[in-house]
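Have a look at the structure below, then the notes.
All values below were derived from every heavy atom in this structure, side-chain atoms included, with hydrogens, water molecules and symmetry-related copies excluded.
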Amino acid sequence: QVQLVESGGGLVQAGGSLRLSCAASGRTLSSYHMGWFRQAPGKEREFVAAINRSGGNTYYADSVKGRFTASRDNAKNTVYLQMNSLKPEDTAVYYCAAGGFGHYYIDYGRIQEYDYWGQGTQVTVSS
């Protein structure tokens with residue numbers, strides 16, 4: 001079992017930055033691939049970014065590529081999402097998720113690949 005807790009959300013003006021954190025307890029996070037997803041009101045949950053178990057590979061949705069950076073510190077059992085140049089359309093609840101225990105690779109953008117989810121943190125970008 002893995003428990004995930006996100007933090008770092010808030011209200012920011014367009015063009016600003018936020019860094020989200022996702023702290024894990026239970027199993028060591030290094031055994032899992034990690035993803036970030038978001039869900040805006042009235043919309044489906046969508047893939048934002050992911051990072052493989054070692055942190056050597058990252059993956060991004062086209063909408064955030066070049067602006068967001070996923071990273072992880074396995075020693076701290078924490079993953080991060082640095083969000084720069086934020087836009088009003090980035091407003092959503094952001095979730096971190098863990099999946100693919102022991103697997104070399106997963107389909108990072110697929111929600112069903114992830115077994116554990118945090119409770120989410122609200123990010124609001126004002127224009």
Side chain to side chain contact (heavy atoms under 4.5 Å, CB included) assessment of I111 paired with W117:
CA-CA 10 Å; I111 288 176; W117 293 80; 3.6 Å; yes
Under the side chain to side chain contact (heavy atoms under 4.5 Å, CB included) rule, what do Y114 and F37 come out as? Steps first, then yes or no, please.
CA-CA 11 Å; Y114 298 89; F37 291 76; 3.4 Å; yes
Residues M83, V12; criterion side chain to side chain contact (heavy atoms under 4.5 Å, CB included); working and verdict:
CA-CA 11 Å; M83 306 186 296; V12 64; over 6 Å; no
Could you go through L18 and F68, starting from their C-alpha distance and side-chain angles, then the distance that decides it, and tell me whether this counts as side chain to side chain contact (heavy atoms under 4.5 Å, CB included)?
CA-CA 10 Å; L18 284 173; F68 290 11; over 6 Å; no
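A donor-acceptor pair under 3.5 Å is formed between the side chain of E6 and the backbone N or O of C96. The main-chain N or O of L29 is found under 3.5 Å from a side-chain atom of N77 such that the two form a donor-acceptor pair. Looking at Q39, its side chain never comes within 3.5 Å of a backbone N or O of A92 through a donor-acceptor pair. A donor-acceptor pair is defined here as one N or O able to donate and one able to accept, closer than 3.5 Å; no such pair exists between the side chain of Q82 and the backbone of T69. For S31 (side chain) and G102 (main-chain N/O), no donor-acceptor pair under 3.5 Å exists by modelled atom type. Not one N or O on the side chain of R45 forms a donor-acceptor pair closer than 3.5 Å with the backbone of Y95.
Distance check: S127 OG to E89 CD gives 10.0 Å after rounding to the nearest 0.5 Å. Separating the CZ atom in R72 from the OG atom in S30 is a distance of 7.0 Å, to the nearest 0.5 Å. Going from atom OG1 of T58 over to atom CE of M34 covers 14.5 Å, rounded to the nearest 0.5 Å. A distance of 15.0 Å separates OG of S7 from OH of Y94, quoted to the nearest 0.5 Å.
When the side chains of ILVMFWY residues are joined at heavy-atom separations under 4.5 Å, either directly or via intervening members, V93 and V5 end up in two distinct hydrophobic clusters. Connection of L11 to V125 is not established within any shared hydrophobic cluster, with ILVMFWY side chains joined at heavy-atom distances below 4.5 Å, either directly or through further cluster members.
Side-chain contact between H33 and Y108 is present, with heavy atoms from C-beta onward closer than 4.5 Å. By the 4.5 Å heavy-atom criterion applied to side chains, T91 and Q122 are counted as neighbours. In this structure, R38 and S63 have side chains that are in contact, with non-hydrogen atoms separated by less than 4.5 Å.
The existence of a salt bridge linking K87 and D90 is excluded, since no basic side-chain nitrogen approaches an acidic carboxylate oxygen closer than 4.0 Å.
The environment of K65 atom NZ is dense: over 12 non-hydrogen atoms of other residues, nucleotides or ligands sit within 6.0 angstrom. Other residues, nucleotides and ligands contribute only 12 or fewer heavy atoms inside 6.0 Å of the CD atom of Q13.
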Output side-chain donor-acceptor pairs under 3.5 Å for residues 47-55, partner residues at least two apart or in another chain, one line each.
| from | atom 1 | to | atom 2 | distance (Å) |
| --- | --- | --- | --- | --- |
| N52 | OD1 | G55 | N | 3.0 |
| N52 | OD1 | G56 | N | 3.0 |
| N52 | OD1 | N57 | N | 3.0 |
| R53 | NE | H103 | O | 3.2 |
| R53 | NH2 | H103 | O | 3.4 |
| S54 | OG | G56 | N | 3.2 |

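Ring geometry for Y116 against Y32 counts as perpendicular: the plane angle is over 60°, on a 0 to 90° scale with 30° as the lower cut. Using cut-offs of 30° and 60° for the angle between ring planes, the Y59 and Y105 rings count as perpendicular.
Of all the heavy atoms in L4 and A24, the pair that sits closest is CD2-CB, 3.7 Å. When every heavy atom of S17 is checked against every heavy atom of N84, the shortest pair comes out as OG-OD1, 2.9 Å.
Of the N and O atoms on the side chains of Y60 and R67, not one donor lies less than 3.5 Å from an acceptor on the other residue.
For the pair R19 and Y80, the distance from NZ or CZ to the six-membered ring centre is under 6.0 Å and the angle to the ring normal is within 45 degrees.
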